[in-house]
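Fair warning: this is a prediction, and the values are worked out from it, not measured in the lab. In this chain, residues are counted from 1 in sequence order.
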Amino acid sequence: MPRAVSGSARSRGGPDRTFPRTARLRSAGQFRLVFAESVKKTDAFFIVRARPNLAGEARLGLAVSKRSVRRSVDRSRIKRIIRESFRSARAQVRAMDYVVIARHAAVAQPNQALFDALRSHWRRFADHDG
C-alpha cells in the first residue's frame, strides 16, 4: 500500500533538498573511477575525493568503514550527517562525483563540528579550478 507523503521540499517552496538515485554513486565502477583519478581534500574528520563527471549534476558516494567507525550507530549517524550536508550544498557545488571517507576522529565529534567540516569541504571544491 503506498504511503502518503506530506509536502516535499519542492512543494514547500524551498530548495530541492532530496537525494535522488541520480545524485548517488552506486556501483563499484563509479567509486573506482573516483579513487583512481581525483582531487583529494582532507581534514581531521573526513577525506573528500572529487572527480569531474558528465552526469551534469553532483553525485555523492559514502565510505564509512567498520575499521574507522566501529559501532553501527556511529556509522549511521555519520552517514546521515554527510548526506544532509550534501543535500544542502548540492545546488552550489560543481557537477562532480564526490566520495566522502570518514576518519576515526569523526566519531567523537558533535554533529555541528562535522557539518562545519563538510561545509568547508564543499566550499573548497566549489572554489577549486581543477
Side-chain angles (χ1 to χ4, degrees):
M1 176 173 216
R3 292 183 346 184
V5 177
S6 61
S8 69
R10 221 176 272 161
S11 67
R12 289 191 299 261
D16 182 9
R17 292 176 45 118
T18 61
F19 193 48
R21 284 181 178 240
T22 58
R24 304 177 204 171
L25 295 180
R26 297 182 357 227
S27 71
Q30 291 171 329
F31 276 85
R32 247 192 312 275
L33 283 172
V34 176
F35 281 107
E37 196 176 309
S38 61
V39 175
K40 180 169 89 169
K41 307 282 185 192
T42 63
D43 67 13
F45 313 130
F46 300 104
I47 299 169
V48 182
R49 292 182 163 270
R51 176 183 190 275
N53 70 32
L54 300 174
E57 67 179 327
R59 301 187 301 181
L60 176 69
L62 303 173
V64 183
S65 70
K66 277 188 184 180
R67 176 182 255 178
S68 59
V69 183
R70 294 294 299 156
R71 296 184 331 155
S72 64
V73 66
D74 293 328
R75 285 193 304 278
S76 295
R77 177 180 73 97
I78 290 169
K79 286 192 246 184
R80 263 193 314 275
I81 290 167
I82 295 168
R83 282 191 300 264
E84 181 60 29
S85 174
F86 184 73
R87 280 185 201 110
S88 298
R90 196 166 135 226
Q92 288 81 37
V93 297
R94 297 188 343 199
M96 297 179 83
D97 290 339
Y98 298 92
V99 174
V100 179
I101 305 158
R103 293 180 140 180
H104 179 71
V107 175
Q109 296 304 309
N111 293 357
Q112 192 58 52
L114 299 179
F115 275 113
D116 291 344
L118 289 163
R119 190 175 309 113
S120 172
H121 281 291
W122 304 137
R123 244 185 315 224
R124 284 191 277 170
F125 277 111
D127 296 340
H128 190 266
D129 290 330

Can you name the nearest heavy-atom pair linking [X] to [Y], along with the distance?
X	Y	result
Ala44	Ala105	O-CB, 3.4 Å
Ala113	Gln109	CB-OE1, 3.9 Å
Trp122	Ser85	NE1-OG, 2.8 Å
Gly56	Ala95	C-CB, 3.8 Å

Just how far is it from atom [atom1] of [X] to atom [atom2] of [Y], taken to the nearest 0.5 Å?
X	Y	atom1	atom2	result
Ile82	Phe115	CD1	CZ	10.0 Å
Arg70	Arg75	CZ	CZ	8.0 Å
Gln92	Arg119	CD	CZ	11.5 Å
Arg71	Ile78	CZ	CD1	10.5 Å

Notebook entry, point to check: Do the side chains of Leu33 and Phe125 join up, straight or via other hydrophobic residues, at under 4.5 Å, putting them in one cluster?
Noted result: no

Note to self: Hydrophobic cluster membership, with links at side-chain heavy-atom distances under 4.5 Å among I/L/V/M/F/W/Y: are Val39 and Phe46 in one?
What the structure shows: yes

Donor-acceptor pair, side chain of [X] and main chain of [Y], under 3.5 angstrom:
X	Y	answer
Ser68	Val64	no
Asp116	Ser120	no
Ser76	Ser72	yes

Margin query: The criterion is side chain to side chain donor-acceptor pair (under 3.5 Å); which residues satisfy it with Asp43, sequence neighbours excluded?
Written below: His121

Notebook entry, point to check: Going through the distances and angles, do Arg90 and Glu57 end up as a side chain to side chain contact (heavy atoms under 4.5 Å, CB included)?
Noted result: CA-CA 8 Å; Arg90 196 166 135 226; Glu57 67 179 327; 3.1 Å; yes

Note to self: Are the side chains of Val100 and Phe86 in contact, using a 4.5 Å heavy-atom criterion?
What the structure shows: no

Next item on the list: Answer whether the closest heavy-atom distance between the side chains of Leu118 and Ile81 falls below 4.5 Å.
Entry: yes

Next item on the list: Verify the distance criterion only: is there a donor paired with an acceptor across the side chains of Asn111 and Arg77 at less than 3.5 Å?
Entry: yes

Item checked: Residues forming a salt bridge (charged side-chain N to carboxylate O under 4.0 Å, His left out) with Arg103, sequence neighbours excluded -> none

Notebook entry, point to check: Rest of the hydrophobic cluster containing Val99 (Ile/Leu/Val/Met/Phe/Trp/Tyr, side-chain heavy atoms under 4.5 Å)?
Noted result: Leu25, Phe31, Val34, Phe35, Ile47, Ile101

Margin query: Under the side chain to side chain contact (heavy atoms under 4.5 Å, CB included) test against Arg59, which residue among Gln30, Arg21, Met96 passes?
Written below: Gln30

